Structures are given as structure tokens and as C-alpha cells.
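Here's the structure we're looking at; comments come further down.
Each chain gets a letter, A, B and so on, in the order the sequences are listed, and its residues count up from 1. Only a predicted model underlies this, so the values are computations on that prediction, with no experimental measurement involved.
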Number of protein chains: 2
Amino acid sequence: MIRLSKLSDYAIVVLTTMARDPANHCGGATFPCGLLAQKSGVPEPTVAKLMKLLAKGGVVTSQRGMSGGYGLARGASDISVADIIAAVEGPISLTECVGGHDDTGCQVERLCAVRGNWDRINTALVGALSSVSLAEMAEPFIPAAYRDGVPRIKEIA
Amino acid sequence: MIRLSKLSDYAIVVLTTMARDPANHCGGATFPCGLLAQKSGVPEPTVAKLMKLLAKGGVVTSQRGMSGGYGLARGASDISVADIIAAVEGPISLTECVGGHDDTGCQVERLCAVRGNWDRINTALVGALSSVSLAEMAEPFIPAAYRDGVPRIKEIA
DNA sequence: AGGATAGAGGACTAATTCTGTCCTGTATAT
DNA sequence: ATATACAGGACAGAATTAGTCCTCTATCCT
């Protein structure tokens, strides 16, 4: 299974929480870690770790001092899932030997003529992750049965 | 970094070796583990482990006994990278809570309204991995400078 | 038939990576 | 001045992965 680290998963959850919060409807709202932990259900130390990474990655802005906190660096539609993952986990790549890491001492290197071809897959992957924005992730999840105008139970009765 | 396990990486390398081998030009050739290890540069015990998984996943066929070995189950163009990864690592999904795992005891579940939205990303990811075939991975890697008909050094002189 | 080859299946150890937590230092608003 | 809140790094425990090995079964060749 291709795994996303839990940290990235949490990042999406926390950022989604921020994007959804009414206080952020005008944009620019800041939330301290404790509040984010409370609203999202993610443990506070973990939230703190996360936000530091996200701030460094330019996904959120930070404000120190009293009544400080973190806020989205730009609109939720302008933040892609790829941005978030890159901030938390570093550059997105499936294998180690993509992008000029000639010093990894890969024993198969001499015989491995596959290397360059991974680029295609990485490109496809990054494209897929870039095509989904935080705003889309923040949309309420609607079970398939209720999509496309299928009437609710109440309306059936 | 979204990481592919090393095993999957090796799988691509080994399968690529098989697809490229002249003996397989007519298709249906079988290679014992030892030979595959030798040709690919991947340690033999690892190759053995790999091939078992790939056989179980239907990517390769196995033939026991003397002069037996493994062969591609179908043409290299009909084997996608997604097939290979699925065989080695199990179902492709970025997060644990996709696909009805209601018993994982996810503490955030109640507050996590993101779950269903991961499907979009998973779909995009699987699409990306399905769109690249083993045959494409087996193509010799040509540095960008020499693509698109740029003459080789020899031809320049 | 008998021996040699080669895969099937599973168990196990070591290493790596990830997770989650804590501590100290610095900036800011009241 | 002081309390709040982020910045940065260090660290121990847990979980996963990697890699190896052993035994059993099937098939081919002599």
C-alpha cells in the first residue's frame, strides 16, 4: 500500500477544520494550536508539530504572542493537497533515485535503466495531488446515495 | 515524501529486466530466480520473495521443476504499474480509513468529515499509476538532451 | 523410479522510519 | 512586565519494512 504518513493525514484534517471555521469566512483568522486541537480532535503536541512544518512550507502564516496563532496563507482554493503534503513530508517522489541523488549508493544503479522512467509516474502523481484543493477537501462529504439530487428519506415519506 | 516500498521498486526493476530480455521477445520465456537476480542486480532472496507475491497477484506465472521459473502473465503493455504495486503491497490507498474500515478505531472519526473526499485523490492516484505500463517502463531511458531527434555526438562529428 | 532443480509458504531477526512528546528559547500584545 | 503562543530541536518508544532462512511440494531429466 502506498502510504501517506499519518502526519499528512492530520494536516489535511486540521487545515480543513481551519478552512471550514466560520471565523475564517472573511479569511485571515488566526487559531492557536490548542483551539485547533480541540476543534479537530488531533492531539495538541501533534498539531503544534504540524503547524510548524506547514508554516515553514508557506501553507499557513504564524502570528506570535498573545492572541496569535496560525492562519491560512491564502485562500483554501489556492492551496492544493500537493502543497500540504510537500510541506509536511518534503518533496513528493515515489522512489529515492529521482532527481539527481547520485550519492545514495544504490547498488542496482549500474543495471537499473528504469530510473528516468519514474519521472512519468511522479509527474502523474503530482498532477493528481495538485488537482485537488483544500477547498474541495473541506466540502462536506455527502454519501453517494444522496448525491445528484436523490431525495432524502424525509422527502420520500 | 510519499514513499513506495523498496519491494515495489525492485519489482519494477526485475519485471523490466524480464520484459527487456531477448529471450522474451517471443513472449512466454521463463526465468528462474537466480537468473533474474543476476540480470537485475537485486539480491536473490529478495527476488524470490517478490516473485511469489507477483505470482499470487497474477502478474507473473510460475513453472515448477527443472527448467521452470517465472514468466510474464501477459504482454508488458497489458501490465500496469498499478497492477504491480497492488500485487506487492496490496490495495492502493493513501489513507487507512478509505473503503469501509470502520473498525480501525480512528479517534478522529467522529470529527473527521474529510474521509469521503480522499476517494477523489485515490482515484486520481490509481489513474496515474494505471496509465503507465510495464512496456513503457522498459523503454530505454533517454536523457532529455537526446530526445526528439537531437543528433548524437557521433552524428554531429 | 530416483535424483536434481525450482517454486510455495511461512517464520524470524535486524534495521529503519514514524509517531508522539517534551524542553528551551524568542516574539508579541495587554 | 508578564502571560501567551510560536520556533526549533532532541528524544524514546512503537510500528513497519527489509532481508534472510528453512521446510515442503511439484516438475523435469536420466
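Taking side-chain N and O atoms only, B:S62 has a distance below 4.0 Å to OP1 or OP2 of C:dA8. Contact annotation: B:Y70 side-chain N/O to C:dA8 OP1/OP2 distance is under 4.0 Å. The shortest distance between the side-chain N/O atoms of B:Q63 and the OP1/OP2 oxygens of C:dT5 is not below 4.0 Å.
When the C1' atoms of four end pairs are superposed on the next four at each end of the helix from C:dA1-D:dT30 to C:dT30-D:dA1, using five pairs per end, the two resulting axes differ in direction by 20°, to 10°.
In this structure, CG in B:L134 is found 5.0 Å from OG1 in B:T16, a value given to the nearest 0.5 Å.
Taking atom CE of residue A:M51 and atom P of nucleotide D:dA5, one finds them 14 Å apart after rounding to whole Å.
Nucleotides of DNA chain C nearest to A:E44 and A:G65 differ in position, and the one nearer the 5' end is that of A:E44. Nearest-nucleotide positions on DNA chain D place A:C33 closer to the 5' end than the other of B:S8 and A:C33. Toward the 5' end of DNA chain C, the nearer of the two residues B:S67 and B:K49, judged by each one's closest nucleotide, is B:S67.
Listed nucleotides: C:dT21, C:dA8, C:dT5. Nearest to the side chain of A:T46: C:dT21. Checking C:dG20, D:dA18, D:dA7 against the side-chain heavy atoms of A:Y10 singles out C:dG20 as nearest.
Across all non-hydrogen atoms, the minimal contact from A:C33 to A:V47 is O-CG1, 4.0 Å. Residue A:N24 comes nearest to A:M18 through the heavy atom pair CB-O, 3.5 Å, listed as atom of the first residue, atom of the second, then distance.
Judged by atom type and distance alone, A:R64 reaches the base of C:dT26 through a side-chain donor-acceptor pair under 3.5 Å. A donor-acceptor contact under 3.5 angstrom links the side-chain atoms of A:K52 to the base of D:dG8.
Note on B:G34: nothing from the nucleic acid sits closer than 4.0 angstrom, heavy atoms only.
Checking B:S8 against B:E89 by side-chain atom types alone, a donor-acceptor pair falls below 3.5 Å.
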